[in-house]
Peer 1: 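Sharing a structure with you now.
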Amino acid sequence: MSKILVTSALPYANGHIHLGHLVEYIQTDIWVRFQKLSGRRAIYLCADDTHGTAIMIRARKEGRTEEALIGEMSQAHQRDFAGFDVAFDHFGSTHSDANRKLCGELWQALRSAGRVVEREVTQLFDPQAGVFLADRFVKGTCPRCGTPDQYGDSCEKCGSTYSAVELVNPVSTLSGARPEVRSAQHLFVTLEPLHDFLTGWTQTPGRLQPEIANYIAGHFLAEPLRDWDVSRPAPYFGFEIPDAPGQYWYVWFDAPIGYMASTQEWCEKHGEKLEDWWKDPDTRVVHFIGKDITYFHTLFWPSMLRAAGYNLPDRIQVHGFLNMRGEKLSKSKGTLVSARGYLDAGLDPQQLRYFYATKLSARVEDIDLNPEELSAKVNSDLVGKVVNLASRSARFLEKTGLSAEYPDDGGLFRAAVEAGTEIRDAYEVFDFARAMRVIMALADRANEYVDRMEPWKLKKDPARAKDVQDVSSVVLNLFRQIVVYLTPVLPRLAEATEKLLGAPIKSLDDANAPLTGTPVAAFSHLMERMDPKKFEALVVPEPTPVADAPTEPADDGAALAAEPLAPECTIDDFTKVDLRVARVVAAEPVPEAKKLLRLTLSLGGGVTRNVFAGIKAAYDPEQLVGRLVVMVANLAPRQMRFGLSEGMVVAAGPGDKEVFVLAPDAGAKPGQRVH
RNA sequence: GCCAAAGUAGCUCAGCUGGUUAGAGCACGCGCUUCAUAAGCGUGGGGUCGUCGGUUCAAGUCCGACCUUUGGCACCA
């Protein structure tokens, strides 16, 4: 029998699960439950992603071992997932024996295939701590957007990636020292030998969503694939590379292998073999991931698997991000609501599952959570329509049970059986929103039926007791049918329905035949309405340290905290930098650039400099002309796409619209040096 | 600027390979109902389907150009 192996991306052990993470785990869980309820053999595997510098730094700060940190986080993650009914068959850890062994095996395979090369890498080195600084050990100003206090690999603000060596004003987070540039040997995995294979593999219809396949083709496959740096020098929290002492596998090397390690552990518990899941052509491997990690999963991961002769993913299902009220989740706005916070507020996890289901399609679109919409949708659909059907019928049947024969319902039950085809199809192709729409239409038909039959009128006439039983039996069966279809999304409602009717729900086929002649338990509410205030209370903006009142000087230290002082320098260091007063004689936007103004600066006596400055968002060119500014006059010229930049205008602020060009007081003359 | 995606009722969206007067939910107006967790049912208003042009007997649906939005990339020495 064919098997399906499903994974969600591994959550990083550096933080707690929030509502944004849950989109993926709930999406995956719904799909896996659907597969299982369809009688397919499926397992859902995941693990904590535990390695890397961030974990090491955090453990150091907290004064404990990495193992203690990741152990605690794993417990918290699993508790949160369980709270949302995300039912992994196994949840492992990348810091496991199974993973270490598999990493070794894949590594050997890459070595044997001649795909590992060694090369010198220039990296930042901390002279005080005596170690090379991995990206997460160094902070500085983003070389792209100018945001201070960013790590060495990418900028949180503008999302660009760069090398740590490019950081402006880099500072070691270990010692506070200014790092120097040194070189070390690194190990790389070559990808270019698999270029043609990857082109074919990623462009196979059904493998990736079309927009993802296009993205990969356009961004990576159009030119030679670059080698992938997979080693990091000590100190590093991870696995030491067996044949390269002092070198560790980069966290992104061992993380996806964690999918296999988790499978391995599951197999050991269930007397199965890893090969039957990862080498058997009858197994479909399906990865659910967020759009941010597309390239690891579509280029690196398949090329690793192929080298070692394992199954390649059959499908990589990419989802977008969660926004709240149309904006990115953010700590400062309080919209980064934790999974735990949601549960502790007494909100119903099923309701979030349902809401996500109504929003999720096969597309890579961001989904928006609007708190008003959340409660309106849940209350109207689940409570007002679906659960209401049970409220409207079950009480009439507590004494009599369901009718011995299924009454004539005008074809409603039959029609809903037929709708099952479309519902199954929609689940299968990840279009949960469509499945939910079809199911809710069934609930509408059922409510109309109740209205038409008016059982409350029949009830008044003792002679028509049988009619009351029949009508209620129809309604309760229609309700159960809907619940069966919703079981992948709402497992708890399914359980409660099993108890109410004394009949198990083990398969979507349980929707195909009505129950007859069976007892109905005493009815109690199956779902609470969502109180929008409870959710609102979770969205608590962090108090902003920046004062809004323009009259009050905001000398609150926020800027200093964001960008700590650079290491001490000597007067000689300072005098190397030749700062001069200059007058802006011309300023114009660079039309092809988003952030640049072209400035012509006069140093007096006819000496002018052409400077490109990233201040377009903050200044209109006209208001700059005639102004005095301070420039770095002896900076090495830099060739840019738009021309030669011969200096730098001195300015403060984090970037974007918050840029403040320094100006000398009146009386200063162009060409004067700043001492 | 380049690449990608998207622009359909106030809001969130559905409209498959082109085919009757463009749909749903929420919200709003009116009416009915009371079995049900102020739930339910009926009914009404509301859209030049981003703009312009083209293909076609027929276009929200195909083609082209443009506009707007959102990502990503380049650019901030």
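If you're wondering where the values come from, they're calculated on a predicted model, not measured in any experiment. Chain letters run A, B, ... following the sequence lines, proteins first, then strands; residues in each count from 1.
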Peer 1: Between P on B/G42 and CZ on A/R445, what's the gap in Å once rounded to a whole number?
Peer 2: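 Taking atom P of B/G42 as the reference, CZ of A/R445 is at 8 Å.
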Peer 1: Side chain of A/V387: nearest nucleotide among B/C41, B/U12, B/U37?
Peer 2: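 In terms of side-chain proximity for A/V387, the closest of B/C41, B/U12, B/U37 is B/U37.
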Peer 1: Begin with the C-alpha distance, continue with both residues' side-chain angles, and end with the deciding distance and a verdict on side chain to side chain contact (heavy atoms under 4.5 Å, CB included) for A/Y356 and A/L19.
Peer 2: CA-CA 10 Å; A/Y356 283 171; A/L19 299 191; 3.6 Å; yes
Peer 1: Would you call the rings of A/F430 and A/F288 parallel, tilted or perpendicular if under 30° counts as parallel and over 60° as perpendicular?
Peer 2: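 Aromatic pair A/F430/A/F288 classed perpendicular.
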Peer 1: Determine whether A/K457 and A/R464 make a side-chain contact, defined as any pair of heavy atoms from C-beta on separated by less than 4.5 Å.
Peer 2: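 Result no, sub-4.5 Å side-chain heavy-atom pair not found.
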Peer 1: Mapping A/A613 and A/S361 to their closest nucleotides on RNA chain B, which lands nearer the 5' end?
Peer 2: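 Comparing both residues, the 5'-ward one is A/S361.
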Peer 1: Which one of A/Y295, A/W252, A/F220 satisfies the ring-ring contact (aromatic ring centres under 6.0 Å, His included) criterion with A/F300?
Peer 2: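 In the set A/Y295, A/W252, A/F220, the residue that makes a ring-ring contact (aromatic ring centres under 6.0 Å, His included) with A/F300 is A/Y295.
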Peer 1: Please list each protein N or O that sits under 3.5 Å from an N or O in nucleotides 26-36 of chain B, with the distance.
Peer 2:
unit_1: B/C35; atom_1: O2; unit_2: A/R392; atom_2: NE; d: 3.3
unit_1: B/C35; atom_1: N3; unit_2: A/R392; atom_2: NE; d: 3.2
unit_1: B/C35; atom_1: N3; unit_2: A/R392; atom_2: NH2; d: 2.8
unit_1: B/C35; atom_1: N4; unit_2: A/R392; atom_2: NH2; d: 2.8
unit_1: B/A36; atom_1: O2'; unit_2: A/N388; atom_2: OD1; d: 3.0
unit_1: B/A36; atom_1: N1; unit_2: A/R392; atom_2: NH2; d: 3.4
unit_1: B/A36; atom_1: N3; unit_2: A/N388; atom_2: OD1; d: 3.4
unit_1: B/A36; atom_1: N3; unit_2: A/N388; atom_2: ND2; d: 3.4
unit_1: B/A36; atom_1: N3; unit_2: A/R392; atom_2: NE; d: 3.2

Peer 1: Distance check needed: B/G40 C1' versus A/R529 CZ, whole Å only.
Peer 2: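 After rounding, the reported distance stands at 12 Å.
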Peer 1: So, using ring pair (Phe, Tyr, Trp, His ring centres under 6.0 Å) as the criterion, who are the partners of A/Y427 when residues are at least two apart?
Peer 2: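 Scan of A/Y427 (ring pair (Phe, Tyr, Trp, His ring centres under 6.0 Å), adjacent residues dropped) gives A/F34, A/F432.
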Peer 1: Starting at the 5' end of RNA chain B, write a dot or bracket for each base, bracketing those in Watson-Crick or G-U wobble pairs whose two distances are under 3.5 Å and using | for partners on another strand.
Peer 2: (((((((..((((.....[...)))).(((((.......))))).....(((((..]....))))))))))))....
Peer 1: Would you classify A/L526 as touching base, sugar-phosphate or nothing, given that sugar-phosphate means primed atoms plus P, OP1 and OP2, and contacts are heavy atoms under 4.0 Å?
Peer 2: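 Base: the residue A/L526, judged by heavy atoms under 4.0 Å, touches a nucleobase.
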Peer 1: Nearest whole angstrom, please: distance from the C1' of B/U37 to the CG of A/N379.
Peer 2: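 After rounding, the gap between these two atoms is 9 Å.
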Peer 1: Are A/K377 and A/Y354 in a cation-pi contact, defined as NZ or CZ under 6.0 Å from the six-membered ring centre and within 45° of the axis?
Peer 2: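 Because its charged atom misses either the 6.0 Å distance or the 45° angle limit, A/K377 does not stack over A/Y354.
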Peer 1: Once side chain to side chain donor-acceptor pair (under 3.5 Å) is applied, do any residues pair with A/E192, and if so which ones, sequence neighbours excluded?
Peer 2: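 Scan of A/E192 (side chain to side chain donor-acceptor pair (under 3.5 Å), adjacent residues dropped) gives A/H195.
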Peer 1: With sugar-phosphate meaning primed atoms plus P, OP1 and OP2, does A/G320 contact a base, only sugar-phosphate, or nothing at under 4.0 Å between heavy atoms?
Peer 2: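 The answer is nothing, as A/G320 stays clear of every strand by at least 4.0 Å.
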Peer 1: Send over the distance from A/M530 CE to B/A39 C1', rounded to a whole Å.
Peer 2: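 Those two atoms, CE and C1', are 18 Å apart.
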Peer 1: Figure out the NZ/P separation between A/K377 and B/C11, and round it to whole Å.
Peer 2: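 Result: 15 Å.
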Peer 1: How close or far is atom P of B/A77 from atom CZ of A/R598, stated in whole angstroms?
Peer 2: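 For the pair A/R598 CZ and B/A77 P, the rounded distance is 13 Å.
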Peer 1: With P as the reference atom in both, quote the distance from B/U33 to B/G50 in angstrom, rounded to an integer.
Peer 2: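 Per the computed distance, 43 Å lies between those P atoms.
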Peer 1: Tell me whether A/E24 contacts the main-chain N or O of A/A9 through its side chain, where contact means a donor paired with an acceptor under 3.5 Å.
Peer 2: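 Present.
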Peer 1: Listed in order of residue number, which residues of residues 419-440 of chain A have a non-hydrogen atom at under 4.0 Å from RNA chain B?
Peer 2: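 When residues 419-440 of chain A is checked for heavy atoms under 4.0 Å from RNA chain B, the hits, listed by number, are A/R437.
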Peer 1: For A/F355 and B/C11, what is the distance between atoms CZ and P respectively, to the nearest whole Å?
Peer 2: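 For the pair A/F355 CZ and B/C11 P, the rounded distance is 16 Å.
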Peer 1: My understanding is that only residues two or more places apart in sequence, or in another chain, count here; which of them pass side chain to side chain donor-acceptor pair (under 3.5 Å) with A/R353?
Peer 2: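 In terms of side chain to side chain donor-acceptor pair (under 3.5 Å), with neighbours along the sequence ignored, A/R353 is linked to A/D29.
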Peer 1: Would you say the side-chain atoms of A/D431 and A/S361 include a donor-acceptor pair closer than 3.5 Å?
Peer 2: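 Their side chains do not contain a donor-acceptor pair, so the 3.5 Å distance test is not met.
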Peer 1: So, A/S393 versus A/S472: side-chain donor-acceptor pair below 3.5 Å or not?
Peer 2: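 Note: A/S393 and A/S472 side chains miss the donor-acceptor criterion.
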Peer 1: Measuring from A/D444:CG to A/I439:CD1, what's the distance to the nearest 0.5 Å?
Peer 2: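 Output value for this atom pair is 12.5 Å.
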